[in-house]
Amino acid sequence: MKLYLVPLIFFAFFYNQVNACPTGRIFITNERGDTVSVINGDSLVVEATIDVGDRPRGIGISPDGSEIYIAVSEENKIKVMDPVSLKIIREFNAGSDPETFAVHPNGNIYISNEDDAKASVFDPKTGEQLAEISVGLEPEGVAISADGKRVIVTSESTNMLHVIRASDNTIEKNILVGARPRAATFTKSGDIAYATAEISGEVVKIDMNTGEILKRGSSGDNKSKPKDVVLNKDESVVYVAAGRANKVVAMDAQTLEIITSIPVGKRVWGLAISKNGELLFSTDGVSGTVSVIKTSTNEVIKTIKVGEFPWGVIIND
Amino acid sequence: MLNKRILIIKLSFIAILIVPNLAWTKDIEVHFAFVGQKDDAALLGAHQGLIEANLQGRFLNQKYELELINFKNILTHDFSKYIAVLTVVDIDTYYKLVDILPNIAIFNLSIKNNLLRTACIKNALHIIPSNAMELDATNQWKKKSPHSSAKAQAWHPDFVKFAARDLNKRYKKHQQVSMNDSSWAGWAAVKMTSDTVARTKIDNSTEMLHYLKTELTFDGQKGSVMNFRETGQLRQPILLIEKNKIVAEAPVRGVAKVPALDSLGLLSCKK
């Protein structure tokens, strides 16, 4: 063997270990179907439907892309799926009624336990609970800054965003927002966050260093009950899933004014955007579909039938 | 000399410990009065609301308490410290209360009488739906399902939509019974008041009454934003129950006119 190939082979080997080759697949939890739908990222066709257990909701992916995590609410478990073989490879107890979670850059999972007014931190490799943080009633959305320093947990019935310092898992701030905050997302720098409040129909923009609400925007008419929120690649547009208004609303990230409303299926909750920023996927719960939106035109290019009551969506890209 | 110096150091150390603690002690203490009986379901609901208010208050340095007052003592009791008064009383006592306490919100948790709404009493806040609202709800449903014998309710323990599941679950866990119309009303009165305190830091009854009546956006865990009509009635969806099963929600889709919540009950005052 040529000697100069050794480091190359070495690199290739380790690259594979550290960064599992992404499958390009899109994974959808179907809350009432008790399944995960797996969509091929190229053809945008469902290639498999996997039974995962009673009421799967939150879904996430490990930082290296090698594992998919699924919160199976009624079984109080997180199940771990191999994105290549699509097999459930292990599971662990995740407290009472696990719903939404986010994966920290260090690999740990921050999860809201809706019944217990708590957020907990798990090591998904061992299933060990590392910390438990008391938060408000009905904790729901979880977001983690890209640098891993801050975690937001929204508590729906206490109308707050709890800002948790990840280094010691203590609450550093509580920010009161509109009624029933459901989801949040950080900008890449972590200085700004956007959050939705379902009952007040609001999207808020928050300075994460001061806790000050910089802007409030309405996500539309009174049917609009915003849930998931994501930013586009250059962070100029905030996309909001507008629930029973059956649309995804694109808002100017600076002014929070509505740029356009994109009609999708019924009761849209979940959103995920591809790494290259080109495609946005929404889960349309009541319709049982996933809508694929092209972000350059803000138009639905495909509607994919999935299982019953699709809830969460992630992309393995 | 040395002892004195140590004492000063000790004292200043204690001061350092105490001063921030003082700043951290309860910023706001809020008192509710409940005029009724100790076995009222609405009182259990109010207690649930109190648990939740104190959980929220933990993050904001706010503390909430509730005092049960016998209706026989209303003329002699000092109501000045209360942010609001919750009531499960007969209509005569209710009229008496709104009259002697004109600057404090008097929550009606039990009386469905229509005239009490059209009287438009400025400090009367009716959480429980009126007879007219219930009748409109059942009539709307009959247009869709003519042979139904459904009856209208404000709440049901099997209600799961719009996070009603969560409220039912935690109510049962803490109070050991299922939530019903009365307990929902008691919970809602405390929750909307404590949400307002959290949001606005209002701690006096006059401002609270004004805010509740004019600026409220309340999440009553029935899916819609709730606020009060000029009549003092809380706008809210109503459940239709047949054989103890939820068959529909009013405003009934396709029957009710927009704005839908005002298709239920009386809207104007009797001049």
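Per chain, numbering begins at 1; letters A, B, ... match sequence-line order.
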Top contributor to chain A interface from B:S224, B:S194, B:A163 [non-hydrogen pairs under 4.5 Å]: B:A163
Based on non-hydrogen pairs under 4.5 Å, which of B:D195, B:D166, B:L167 is most in contact with chain A? B:D166
Tell me the closest heavy-atom pair linking [X] and [Y], and the distance in Å.
{"X": "A:A117", "Y": "B:L55", "value": "CB-CD1, 4.3 Å"}
{"X": "B:R58", "Y": "A:V135", "value": "NH2-O, 3.5 Å"}
{"X": "B:G223", "Y": "A:K225", "value": "O-NZ, 2.9 Å"}

A:M160 and B:L60: CA distance, side-chain angles, deciding distance, side chain to side chain contact (heavy atoms under 4.5 Å, CB included) verdict: CA-CA 11 Å; A:M160 279 179 194; B:L60 302 167; 3.5 Å; yes
Criterion side-chain contact (heavy atoms from CB on, under 4.5 Å) against B:Q56, the qualifying member of A:L137, A:N174, A:L176: A:L176
Non-hydrogen contacts under 4.5 angstrom with chain A: give the residues of residues 168-176 of chain B involved, or none if there are none. B:K169, B:R170, B:K173
Contact list (residues 228-244 of chain B to chain A, heavy-atom gap under 4.5 Å, by number) returns none
So A:E198 and B:F162, do their side chains get closer than 4.5 Å, heavy atoms only? no
So A:I199 and B:M226, do their side chains get closer than 4.5 Å, heavy atoms only? no
Within a radius of less than 6.0 Å around NZ of B:K201, do more than 12 heavy atoms belonging to other residues, nucleotides or ligands occur? no
Are there over 12 heavy-atom neighbours, none belonging to A:K149, within less than 6.0 Å of that residue's NZ? no
Taking salt bridge (charged side-chain N to carboxylate O under 4.0 Å, His left out) as the cut-off, I'd like each qualifying pair that reaches into residues 208-217 of chain A, sequence neighbours left out, listed once. A:E202-A:R216
Is B:K191 reaching over with its side chain to a backbone N or O of A:S157, donor-acceptor style, under 3.5 angstrom? yes
Using a 3.5 Å distance criterion without hydrogens, assess whether the side chain of B:R199 forms a donor-acceptor pair with backbone atoms of A:V177. yes
Quick one about A:E156 and B:Q221 (side-chain donor to acceptor, distance below 3.5 Å, no hydrogens or angles considered), yes or no? no
Holding to side chain to side chain donor-acceptor pair (under 3.5 Å), I want the full list of residues that pass it with A:N76, two or more places apart in sequence or in another chain. none
Heavy atoms only, distances under 4.5 angstrom: which of A:A179, A:S155, A:S134 has the most pairs with chain B? Name it, please. A:S134
